[in-house]
Amino acid sequence: MRIPSLLRGGIVLLLTQTAAAIELNIDSYDSIKSATKIIAQELADGYWLPGDVHGVPHPPYYWWLHGAILGGIVDYWAMTGDTRFNANVTVGWLRGVSPSLDLQPDEQSFSEGNDDQGFWSIMSIDATERAFPETEDQKEMHAGFLEITQTVQNLQAGRWDDKTCGGGLRWQINPTNDGYLYKNTISNGLFFQQSARLARYTKNQTYADWAERSYKWLREVKIVRDDFYITDGAWLPDCKKFTEKRWSYNYGTLLAGCAAMYNFTDGGAYWKEQIDSILTATYATFFDAESGAIKEIQCQDSDSCNADQPSFKAYLARWMAYTAQVAPYTYSDIMPRLRKNAQLAAATCTGGTSGTACGLKWNTGPKFDGIMGLGEQLSALEVIQNTAPFVAPVGYLVDIDNGGISKSNPNGTGTRGGVHNRNSQYLPYRLRNYDISLADRVGAAIITLVIVVVFALGARFTMIH
Ligand SMILES: *[C@@H]1O[C@H](CO)[C@@H](O)[C@H](O)[C@H]1NC(C)=O
Ligand SMILES: *[C@@H]1O[C@H](CO)[C@@H](O)[C@H](O)[C@H]1NC(C)=O
Ligand SMILES: *[C@@H]1O[C@H](CO)[C@@H](O)[C@H](O)[C@H]1NC(C)=O
Ligand SMILES: *[C@@H]1O[C@H](CO)[C@@H](O)[C@H](O)[C@H]1NC(C)=O
């Protein structure tokens, strides 16, 4: 893939198509394997740039996407048995987990939000549930997948903020970042999903309590409205003002968490109602009525997706498939839709110099739409590989009593107790390319400035006394 970064970010590349589309017979496991093999290689070649075995973030992509991609590759191994990227996953994981064993590497210390950490943590619960092999080094370092997920869980539970909006996690971890004044759906939705999957895996009720608490808070504060319109988040001070945009990954993460809780409660009626309502809203919102294609409605038609957003469909597909596994009654409803999308996505994979880069718009095929990148490639990979359990006995999930191999450490907090390494040269704040309106940005910047000043005064005050 190797897209020059300047050409990314919503700019449409017009390339002539030379190669034939990737062949995919959706009823054949061999065919799914060969199609995903080509797509995964294309993804890996764009991710691990020449000379960089670690997968260091390269513009325009942020660190969180690397955790998300590693998660997709873990699932690739689980669905196909192909081990060729396993070493990449281990090396990338050990780097991401950082010396402090809390998924807060130093170089991310100022820009990392709860959602960034959450995407990596979801990758590690995924590796835990798939029994992805751990190396001796990794175990010796206490960088096992389960214990790091538990560490993030402990740190994020410690950041739960009852003082405003009756609860919730703030988007940002550092008070000096503007998103500290925003309680967004994805940070809370990943925390909810992580709690629910830890509950399912370990059977520890403490995690289930956190899952219930965080989900009910999202509903009470109306980030998830009564009609299951799921907003992007709510603003401090009182969470009465919302960013109304709808993104597929927000629906996906809540769906997966509800499914894990459904399983944990052995078919609990409350969680079934939530699953059914979120699924109905997901189909109505993101599934194109005409083609059946999943569409990122907020940015796809208008060609305004940033570098993050083309990957969101990957997580919706991954978490719908997860739902079909832990809430099997949804299987016959979910799987035909994913299979349809697998075919539509595969039909776009004729782009780039290799002729196997996949496009963004699955609803305008069968052709490459000229838009490619790591997110587009990951989305095609996930939607195709996740149909494998439909035709082959693959993709089983283990738990602590049934096939689990990762060591539990419920009291983990990392080596610095979750505190970010504050390095003032990065002050005062950084805005990410999220869906924050200009007015919000200006307002948040002013409040950020006030916080910075108050902090500075506070520090002086402390020094004087
Ligand atoms: C990771 O993948 C790339 C691209 O496929 C490959 O060139 C590289 O050697 C791999 N690195 C590791 C550590 O396995
Ligand atoms: C929980 O998940 C397992 C598969 O992982 C499945 O066999 C079982 O039926 C699920 N439980 C319920 C209540 O659906
Ligand atoms: C359950 O999780 C909590 C919170 O992390 C922990 O304090 C407790 O020790 C765990 N219990 C078991 C039996 O692992
Ligand atoms: C975790 O901490 C709790 C409370 O301090 C303690 O009771 C428990 O034994 C610890 N669990 C482990 C596995 O260390």
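Heads up: numbering here begins at 1 and tracks the sequence. When a ligand or atom number is given, it counts from 1 through the structure's own listing order. These numbers come from a predicted model, not from an experiment.
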- Task: Check each atom of ligand 3 against the heavy atoms of Asn154 and keep those under 4.0 Å away; list them by number with element.
- Result: 5 (O)
- Message: Considering non-hydrogen atoms of the protein only, which is the closest contact for atom 7 (O) of ligand 2, and what is the distance?
- Response: Pro328 CG, 4.7 Å
- How close does the nearest protein non-hydrogen atom get to atom 11 (N) of ligand 3, and which residue and atom is it? Asn204 ND2, 2.9 Å
- Task: Write down the atom of Tyr283, the atom of Asp333, and the distance for their closest heavy-atom approach.
- Result: OH-OD2, 3.1 Å
- Should Tyr329 be listed as contacting ligand 2, given a heavy-atom distance under 4.0 Å as the test? no
- Message: Regarding Trp362 and Asn341, do their side chains bring together a donor and an acceptor under 3.5 Å, going by distance alone?
- Response: no
- Query: Just which atoms of ligand 2 are under 4.0 Å from any heavy atom in Val326?
  - Reply: 1 (C), 2 (O), 10 (C), 14 (O)
- Any chance the rings of Trp93 and Phe145 have centres within less than 6.0 Å? yes
- Message: Any heavy-atom pair between the side chains of Trp319 and Ile122 that's under 4.5 Å?
- Response: yes
- Are any non-hydrogen protein atoms located under 4.0 Å from atom 14 (O) of ligand 4? yes
- Are Arg200 and Phe264 in a cation-pi contact, defined as NZ or CZ under 6.0 Å from the six-membered ring centre and within 45° of the axis? no
- Task: Please check atom 4 (C) of ligand 4 for a protein heavy-atom neighbour under 4.0 Å.
- Result: no
- Query: Of all the atoms in ligand 2, which lie at a distance below 4.0 Å from a heavy atom belonging to Gln325?
  - Reply: 2 (O), 4 (C), 5 (O)
- Below 4.0 angstrom from a heavy atom of Asn263, which ligand 2 atoms are there? Numbered from 1 as shown, please. 1 (C), 2 (O), 3 (C), 8 (C), 10 (C), 11 (N), 12 (C)
- Is the shortest distance from atom 9 (O) of ligand 4 to a protein heavy atom below 4.0 Å? no
- Message: Among Gln300, Glu382, Glu376, exactly one meets side chain to side chain contact (heavy atoms under 4.5 Å, CB included) together with Lys313. Which residue is that?
- Response: Gln300
- Message: Please check if the number of heavy atoms outside Lys33 that lie under 6.0 Å from its NZ is greater than 12.
- Response: yes
- Decide whether the shortest distance between a heavy atom of Asp266 and an atom of ligand 2 is less than 4.0 Å. yes
- Task: Please examine the side chains of Asp238 and Cys165, heavy atoms only from C-beta on, and report whether any two atoms are closer than 4.5 Å.
- Result: no
- With heavy atoms and a 4.0 Å threshold, my read on which part of Asn411 contacts ligand 3 is side chain
